[in-house]
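Side chains included, hydrogens not; waters and symmetry mates left out as well; all remaining heavy atoms used. Below, read A as the first sequence line, B as the second, and so on, with proteins coming before strands; counting in each chain starts at 1. All values derive from a computational prediction rather than experimental measurement.
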Amino acid sequence: MPKNQATKKLTLKNQVQDFYNSAKVEKKWQEIWETKKLFHTDLKSKKGKPYYNLVMFPYPSGDKLHIGHWYNFGPADSWGRFMRMKGYNVFEPIGFDAFGLPAENYAIKTGIAPATSTAKNVKTMIRQLKELGAMYDWSHMVNTSEPDYYRWTQWLFLQMYKRGLAYKKKAPVNWCPGCKTVLANEQVQDGICDRCKSEVTKKKLAQWFWRITDYAEKLLDYSGLDWPEKTITMQKNWIGKSEGVNFRCKIKGFDYSFDVFDSVPQTFKAQTFSVIAADHPLLSKIMKGHSLEKKVMACAQRINKKKMAKRFDADESMEGIFTGHYIEDPYGTGDLPLWVASFAIMDYGCGIVNCSAHDERDFAFAKKYAIPLRPVMFPEDPIEAKKVKNLEYCYHHASDGILTTPEEFKGRRWGEVRQDMIAYFKKKKMGQRTVNYRLRDWLISRQRYWGAPIPIINCEKCGEMPVPEKDLPVVLPRIKNYKPKGKAPLATSTAFMNTRCPKCGGKATREPDTMDTFVCSSWYFLRYPSSTLKNKPFDPEILKTWSPVDMYIGGPEHACMHLLYARFVNRMLFDAGLIPSKEPFKRLVHQGMITKDGAKMSKSRGNVVSPDAFVQKYGSDVFRMYLMFMGPFTQGGDWNDKGIIGIVRFVQKIWKVLSGPSLAKISPESQRATHRTIKKVTENIENLHFNTALAALMELINEVTKEGLDQKHKKIVTQLIAPMAPHLSEELWALLNDTLDIKRGSESIFDQKWPKYDEKLIAESTINLVIQINGKLRGMVETTKLISKDDAFALAKMQPNVQRYLADQKIVKEIFVPGKLVNFVVR
RNA sequence: GCCCGGGUGGUGAAAUGGUAGACACGAGGGACUUAAAAUCCCUUAAGGGCAACCUUGUGUGGGUUCGAGUCCCACCCCGGGCACCA
């Protein structure tokens with residue numbers, strides 16, 4: 001070998017040693033953490049305040065973990081590590097939402113049985129999650145598709161059943177022809193199935209519901225919750241509370257009476273007609289044998305069909321027809337003609353509404369069909385009032401006009417009169433104060449295989465009854481025909497279906513439906529701390545410490561589904577005295593969404609980016625930090641890997657500075673810079689601003705790279721980076737403590753106290769005094785921070801550029817902001 | 001239509017009412033190298049000027065203020081949620 005080649009090889013070897021080898025180091029620490037059980041939280045420990053740090057658990061659908069998961073889980077774990085270093089006893093569990101449509105659809109597509117494919121996907125995801133290197137307490141992992149777990153999901157059903165909160169009802173339900181199952185309202189978007197994008201239709205089937213509507217009012221209480229305002233608003237809108245009055249009404253010539261709801265009852269005297277929903281069951285009854293029957297029913301059918309369609313434009317397709325019937329004079333203003341109208345909906349109130357000139361929609365409908373209107377509320381301006389009288393436009397409630405009738409309220413303002421008016425209805429026995437909600441009961445049964453069987457038995461003699469608790473779980477059998485066919489697949493398994501009645505011992509059959517996945521995920525956070533318990537779903541004693549969840553991080557798309565269901569279930573268990581906490585999640589944070597070329601990542605678009613290749617190439621630390629550095633955690637962003645090299649360089653720079661030789665004594669400048677950085681990083685992480693925390697650290701590293709640091713400050717910097725780069729910092733920590741080769745004996749950096757900064761060191765003695773003239777920057781001068789007002793003005797006026805601007809000018813005003821700037825206002 | 005977010009360089013983005021563009025990518029130039037990669041140094045909002053500096057500039061138009069990316073009003077655009085709820 002020629003001599004120069006040998007030297008080259010030697011240099012290269014030195015370079016390799018200088019280089020931080022993430023792949024090797026990360027694997028090493030993941031193994032050490034695991035063997036030392038470093039992140040197995042002692043749930044009964046009295047040391048450190050308990051802190052339950054939770055991410056929404058993933059479902060193993062076969063996509064494996066994608067970039068979005070990393071974007072969520074990485075920072076969430078950094079948060080947990082930060083809290084641990086702040087001295088909290090952090091519990092950070094993980095698990096799998098393994099039952100349900102995504103997993104089953106994947107199984108059907110691949111032709112592998114759901115149990116097998118789910119197990120395989122879970123295994124892959126565990127591998128990926130371990131590569132992430134999060135501080136998950138794997139000893140508390142849950143998998144909702146395992147009997148140990150779903151036994152208690154079934155137990156939860158029985159708790160609901162026991163309290164009359166679970167019931168079976170034949171109901172027109174959302175039916176997805178693609179998934180061949182019914183869907184909850186929440187799973188239908190614009191008439192399209194959330195999962196398979198098929199057009200959803202209505203079908204009348206016997207279904208199981210959970211009475212979430214009983215909890216509508218309780219769920220509106222958000223006191224004590226640190227949740228995004230937006231999410232609270234979304235839930236509130238979804239629950240849709242509306243206060244008003246119910247008026248008892250009846251159809252003339254029939255015995256049918258009902259309560260007509262009015263949320264703006266002040267203009268009740270204006271009501272001149274009434275509308276009924278096209279799908280109202282009463283309609284066919286009152287039309288039977290009527291001369292208009294054919295025409296009316298045809299119109300109703302047309303409306304129903306239109307409403308089912310994908311894009312139903314309310315304004316464009318407004319239509320209706322007179323039924324020939326009347327609502328018997330409810331207000332002493334005469335009978336109201338009853339119309340079928342496209343805008344009346346069956347699902348709200350009683351499906352029949354009384355209409356007036358003071359509602360935009362009613363007004364438009366009346367105009368279209370020339371139905372007489374009679375306004376009772378007018379603007380103050382007489383010219384405008386005349387226009388309203390002539391029905392030139394709809395003068396509606398928001399305008400807060402002056403009422404003309406009834407006599408008792410003449411001349412009073414609409415807005416102000418409300419409560420008095422409601423009292424008046426009560427006194428006159430016309431109507432009752434009522435509250436209506438948009439929220440519907442939660443449809444929890446699914447005619448699908450891959451879910452927790454509903455624990456109900458139907459006895460030929462004794463009828464419907466719950467499976468006794470001691471007989472749980474009702475095990476989901478492995479069957480061949482698991483594919484959806486419109487009927488519950490379990491019904492085809494006689495081995496499953498046939499059973500004995502627990503009461504009389506006679507022949508009985510099981511309920512073949514399974515539960516919605518959202519049932520499984522509605523209580524998993526209660527299971528984590530007690531996941532190893534065999535005879536109970538959870539231990540109330542442990543929950544005294546470990547509920548509610550302190551921090552819950554996940555996507556905003558669950559606002560009206562999972563997050564609402566979990567609150568409902570938690571509240572029901574609380575009311576039953578089974579758990580100590582009223583609410584499940586004390587603090588909630590939504591991570592932003594990661595898109596690819598501006599579009600949501602999805603398998604159907606084929607734009608799902610897998611993290612694996614990046615993790616392999618750059619390591620978990622780099623990949624996590626890159627995702628954090630993209631921008632604010634709650635904002636998300638569009639994925640590209642262009643800048644990842646910047647983080648690679650950053651890691652190498654850190655390695656170089658912190659693993660290199662130490663100074664005997666740090667320079668005052670570097671010391672000050674380090675303390676400033678402690679402050680910045682601490683505050684930034686506290687606000688989940690990981691991007692700026694990293695920027696602050698980059699700034700520091702750039703500043704001290706040349707000169708270097710002493711041992712003490714190297715350790716501080718290592719700690720600061722630790723939440724964001726756990727492997728790198730653990731390696732550096734061992735190196736700095738000279739315990740690199742001891743491994744098991746070394747103390748983890750995550751058991752060290754988070755560094756504190758010295759206020760005195762941060763305080764700058766000198767500042768750059770900003771000099772403005774008419775608010776524009778005209779100069780800057782270095783001076784002491786404590787400079788007085790007069791000295792500052794004098795000093796500023798001495799600056800040459802400032803003098804140029806002040807020459808021949810009259811100073812009208814002088815502004816002084818201590819320690820910051822002066823501003824001369826000149827003319 | 002209603003309710004939330006958001007609009008800042010070539011790009012991702014920073015900025016308690018007080019120096020707009022920190023940090024990073026990219027780009028341009030230079031050093032090292034036979035060369036490349038890596039690394040290091042310089043420049044980098046636009047326009048003008050040899051320079052000191054100057055002008056313009058945070059979606060648009062107004063306003064408040066000594067001073068506005070930031071506060072107020074109106075509007076435009078993008079993203080998300082809800083949408084016949086009486």
What integer distance in Å separates [X]:[atom1] from [N]:[atom2]?
X: A:H396; N: B:G1; atom1: NE2; atom2: P; result: 14 Å
X: A:F816; N: B:G67; atom1: CZ; atom2: C1'; result: 16 Å
X: A:I645; N: B:C23; atom1: CD1; atom2: C1'; result: 16 Å
X: A:E703; N: B:C23; atom1: CD; atom2: C1'; result: 13 Å
X: A:K776; N: B:A20; atom1: NZ; atom2: C1'; result: 13 Å
X: A:I327; N: B:A86; atom1: CD1; atom2: P; result: 18 Å
X: A:K789; N: B:C66; atom1: NZ; atom2: P; result: 14 Å
X: A:L627; N: B:G12; atom1: CG; atom2: C1'; result: 12 Å

With both distances kept under 3.5 Å, what pairs with [N], Watson-Crick or G-U wobble?
N: B:G79; answer: B:C4
N: B:G18; answer: B:C66
N: B:A31; answer: B:U39

[X] near the nucleic acid: base, sugar-phosphate alone, or nothing, with a heavy-atom cut-off under 4.0 Å?
X: A:M234; value: sugar-phosphate
X: A:Q772; value: base
X: A:P632; value: sugar-phosphate

[N] to [M] separation - [atom1] atoms, rounded to the nearest Å:
N: B:G21; M: B:G57; atom1: C1'; value: 11 Å
N: B:C25; M: B:C42; atom1: P; value: 14 Å
N: B:C72; M: B:A22; atom1: C1'; value: 29 Å
N: B:G6; M: B:G59; atom1: C1'; value: 11 Å
N: B:G69; M: B:G17; atom1: P; value: 13 Å
N: B:G67; M: B:G18; atom1: P; value: 14 Å
N: B:C54; M: B:A36; atom1: P; value: 42 Å
N: B:G30; M: B:G12; atom1: P; value: 29 Å

What's the closest nucleotide to the [X] side chain, out of [options]?
X: A:W238; options: B:C3, B:C82, B:C66; answer: B:C82
X: A:K642; options: B:C25, B:G80, B:G18; answer: B:C25
X: A:V817; options: B:A86, B:G18, B:C66; answer: B:G18
X: A:E699; options: B:C23, B:C82, B:C85; answer: B:C23

Under-4.0 Å side-chain N/O to phosphate OP1/OP2 contact, [X] with [N]:
X: A:R649; N: B:A38; answer: no
X: A:R804; N: B:A52; answer: no
X: A:N691; N: B:A14; answer: yes
X: A:K230; N: B:C4; answer: no
X: A:S242; N: B:A86; answer: yes
X: A:R778; N: B:U55; answer: yes
X: A:Q635; N: B:G79; answer: no
X: A:Y805; N: B:C54; answer: yes
X: A:N801; N: B:C54; answer: yes
X: A:N702; N: B:A24; answer: yes

State the syn/anti category of B:G61 according to its glycosidic angle, syn meaning within 90° of 0.
anti
Do [X] and [Y] sit within salt-bridge range, that is, some charged N less than 4.0 Å from a carboxylate O?
X: A:R302; Y: A:E319; result: yes
X: A:K789; Y: A:E814; result: no
X: A:D638; Y: A:K596; result: no
X: A:E229; Y: A:K236; result: no

Polar side chain donor-acceptor pair, A:R624 to A:S78, under 3.5 angstrom:
yes
Regarding A:Y331 and A:Q271, do their side chains bring together a donor and an acceptor under 3.5 Å, going by distance alone?
yes
Knowing that exactly one of A:F19, A:F650, A:Y20 qualifies, which makes a ring-ring contact (aromatic ring centres under 6.0 Å, His included) with A:W655?
A:Y20
Checking side-chain hydrogen bond (donor to acceptor under 3.5 Å, both in side chains) for the pair A:N823/A:K813: CA distance, chi angles, key distance, verdict?
CA-CA 8 Å; A:N823 186 13; A:K813 204 167 179 183; over 6 Å; no
Go through residues 818-827 of chain A and report each residue with a non-hydrogen atom lying under 4.0 Å from RNA chain B, sorted by number.
A:K820, A:L821, A:N823, A:V825
For A:W227, is the NZ or CZ atom of A:R567 found under 6.0 angstrom from the centre of its six-membered ring and inside 45 degrees of the ring axis?
yes
Contact nearer the 5' end of RNA chain B, comparing A:M780 with A:S263
A:M780
Result for 5'-nearest mapping on RNA chain B, choosing between A:T692 and A:F261, is A:T692
Is the backbone of A:L282 close enough, under 3.5 Å, to the side chain of A:H280 for a donor and an acceptor to pair up by distance?
yes
How long is the span from the NE2 atom in A:H590 to the CD1 atom in A:I553, to the nearest 0.5 Å?
11.0 Å
